[in-house]
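Worksheet: one structure, shown below.
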Amino acid sequence: MSFVGKGVPVPLYYQIKTRLREAIEAGELRPGDRVPSERELTQRFQVSRMTARQALTELEAEGYLQRIQGKGTFVALPKVEQPLASLTSFTEEMRRLGMQPGAQVRSVREVAAGRMVGALLGIPETEPVVRLERLRLADGQPMALEVSHIPSRLVPGLVNRDLSAVSLYEVLERVYHIRLVRASQSLEAVAAGAQEAEVLQVREGAPLLLLERVARDETGQAVEYVRSLYRGDRYRFVADLVRPRLTGGDGTSQP
Ligand code: GLP
């Protein structure tokens with residue numbers, strides 16, 4: 001990278017930021033490459049530390065860079081692209097992308113459904129559910145933190161199974177003959193709390209995508225309610241959209 005001139009009326013931090021961004025876009029800097037540190041940028045461009053920091057901070061906020069505590073700043077890895085509107089499992093998605101799926105079971109136990117989970121699963125709040133908390137990994141890297149709830153009566157013995165090396169959806173199908181055929185799912189942005197940040201290896205306050213899903217079998221019975229926190233820096237959800245057919249003279253769409 002060459003010297004950034006001080007005579008140009010574009011803010012210095014912005015010039016450095018642009019240089020780095022262009023180097024990333026041109027492939028001169030590749031995903032996972034270390035980028036110059038604040039100190040190195042300070043020396044190379046003869047700017048203040050604050051100026052160098054601002055360039056790196058903005059590139060990180062825009063998803064170009066990733067800072068890893070104690071290690072340095074790196075070009076961000078490409079995001080995993082996941083369809084928003086198909087009822088697939090984590091295992092299927094990772095395999096489709098050529099990555100090795102994995103899970104760390106953080107806890108698995110039986111609890112009373114409680115009011116909210118009971119209502120979502122359509123069962124009494126006193127009914128037992130299996131609460132399964134897993135950190136999902138792709139090629140060993142943390143991707144998402146998922147807490148699933150499944151009515152215990154549908155999955156006898158599930159709490160005693162080793163769920164670290166298997167797909168939950170595969171177990172539901174093979175062992176319990178439960179085939180999930182549809183689900184409702186929502187997606188919203190949240191910031192990582194201290195504990196989630198530690199588990200997912202992001203900084204506190206980092207953007208996460210919260211997906212909530214209620215999945216049902218052929219009979220319409222709700223089988224799983226799950227809250228998944230996906231790393232915002234690793235995921236992009238995509239959907240194909242179809243324009244609703246406009247009927248009626250007033251331009252309103254009809255279902
Ligand atoms: C995705 C969904 C979860 C579901 C999981 C099952 O991650 N967001 O709702 O529980 O897939 O994945 P697997 O079958 O790999 O355990």
Side-chain angles (χ1 to χ4, degrees), residues 79-111 113 116-123 129-152 154-155 157-190 192 196 199-202 207-218 220-239:
K79 289 188 181 182
V80 163
E81 226 171 66
Q82 186 157 309
L84 186 57
S86 78
L87 179 48
T88 48
S89 72
F90 183 85
T91 302
E92 288 162 346
E93 285 303 328
M94 291 306 116
R95 285 193 184 138
R96 181 177 64 83
L97 296 163
M99 289 192 268
Q100 177 68 38
Q104 247 173 45
V105 177
R106 294 179 42 81
S107 82
V108 54
R109 58 198 161 94
E110 208 166 62
V111 295
M116 192 195 85
V117 174
L120 288 161
L121 289 173
I123 57 175
V129 294
V130 175
R131 182 188 183 280
L132 168 65
E133 183 173 337
R134 294 179 297 171
L135 173 65
R136 307 312 306 265
L137 310 164
D139 291 341
Q141 297 299 311
M143 302 294 274
L145 189 59
E146 303 201 291
V147 183
S148 301
H149 299 82
I150 304 170
S152 301
L154 301 178
V155 286
L158 183 68
V159 275
N160 300 318
R161 285 184 171 269
D162 178 7
L163 297 168
S164 55
V166 291
S167 153
L168 174 65
Y169 283 9
E170 260 173 55
V171 170
L172 289 178
E173 279 202 45
R174 273 193 301 106
V175 181
Y176 299 102
H177 310 292
I178 297 174
R179 215 164 66 81
L180 299 174
V181 293
R182 62 193 174 88
S184 25
Q185 180 160 278
S186 63
L187 172 64
E188 57 195 290
V190 292
E196 296 145 6
V199 176
L200 287 167
Q201 291 174 29
V202 295
L208 302 177
L209 293 158
L210 166 64
L211 273 112
E212 284 185 90
R213 179 186 282 186
V214 176
R216 297 174 190 277
D217 67 10
E218 290 111 326
Q221 155 90 54
V223 174
E224 183 198 32
Y225 162 62
V226 57
R227 270 175 72 90
S228 309
L229 287 170
Y230 283 75
R231 281 177 57 155
D233 61 339
R234 297 307 327 274
Y235 272 93
R236 168 186 291 138
F237 286 89
V238 294

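Order of appearance sets the numbers: ligands from 1, and atoms from 1 within every ligand. These figures come from a predicted structure and were not determined experimentally.
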Q | Nearest neighbour of atom 13 (P) of ligand 1 from the list Leu180, Leu168, Val226, on a heavy-atom basis | A |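 Minimum heavy-atom distance to atom 13 (P) of ligand 1 goes to Leu168.
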**Q.** Protein residue, atom and distance nearest to atom 11 (O) of ligand 1, heavy-atom basis
**A.**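 So the nearest neighbour among protein heavy atoms is Phe90 N, 2.9 Å.
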Q: Could you check atom 14 (O) of ligand 1 against the protein and tell me its nearest heavy-atom contact, residue, atom and distance included?
A: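 Minimum-distance protein heavy atom for atom 14 (O) of ligand 1 reads Ser167 OG, 2.5 Å.
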I want to know if ligand 1 touches [X] in the polar sense, i.e. an N/O pair below 3.5 angstrom.
X      : value
Thr91  : yes
Arg134 : yes
Val166 : no

Is [X] close enough to touch ligand 1? Criterion: a residue heavy atom under 4.0 Å from a ligand atom.
X      : value
Arg136 : yes
Tyr230 : yes
Ser228 : yes

Q. Under a 4.0 Å heavy-atom limit, does Glu146 contact ligand 1 with its side chain, its backbone, both, or neither?
A.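 Answer for Glu146: side chain.
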Q. Ligand 1 versus Glu92, non-hydrogen atoms closer than 4.0 Å: side chain, backbone, both, neither?
A.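 Neither part.
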**Q.** Residue of the set Arg96, Arg95, Glu93 for which side-chain hydrogen bond (donor to acceptor under 3.5 Å, both in side chains) holds with Thr88
**A.**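 So, applying the side-chain hydrogen bond (donor to acceptor under 3.5 Å, both in side chains) to Thr88 and each of Arg96, Arg95, Glu93, only Glu93 qualifies.
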(Q) Suppose we screen for side chain to side chain donor-acceptor pair (under 3.5 Å). Which residues come up paired with Arg161, at least two apart in sequence or across chains? (A)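 In terms of side chain to side chain donor-acceptor pair (under 3.5 Å), with neighbours along the sequence ignored, Arg161 is linked to no residue.
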Q: Classify the angle between the aromatic ring planes of Tyr230 and Tyr235 as parallel (below 30°), tilted (30 to 60°) or perpendicular (above 60°).
A: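 Geometry flag for Tyr235 against Tyr230: perpendicular rings.
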Q: Apply side-chain contact (heavy atoms from CB on, under 4.5 Å) to Ser89 and list each qualifying residue two or more places apart in sequence or on a separate chain.
A: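 Partners of Ser89 under the side-chain contact (heavy atoms from CB on, under 4.5 Å) test: Thr91, Glu92, Ser167, Tyr169.
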Q: Test salt bridge (charged side-chain N to carboxylate O under 4.0 Å, His left out) on Arg236 and Glu81 and set out the steps.
A: CA-CA 5 Å; Arg236 168 186 291 138; Glu81 226 171 66; 3.5 Å; yes
Q | salt bridge (charged side-chain N to carboxylate O under 4.0 Å, His left out) between Glu224 and Arg213, intermediate numbers included | A | CA-CA 8 Å; Glu224 183 198 32; Arg213 179 186 282 186; 5.2 Å; no
Q) When rounded to the nearest 0.5 angstrom, what distance separates CZ in Arg227 from CG in Leu210? A)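 Rounded to the nearest 0.5 Å, the CZ-CG separation comes out at 5.0 Å.
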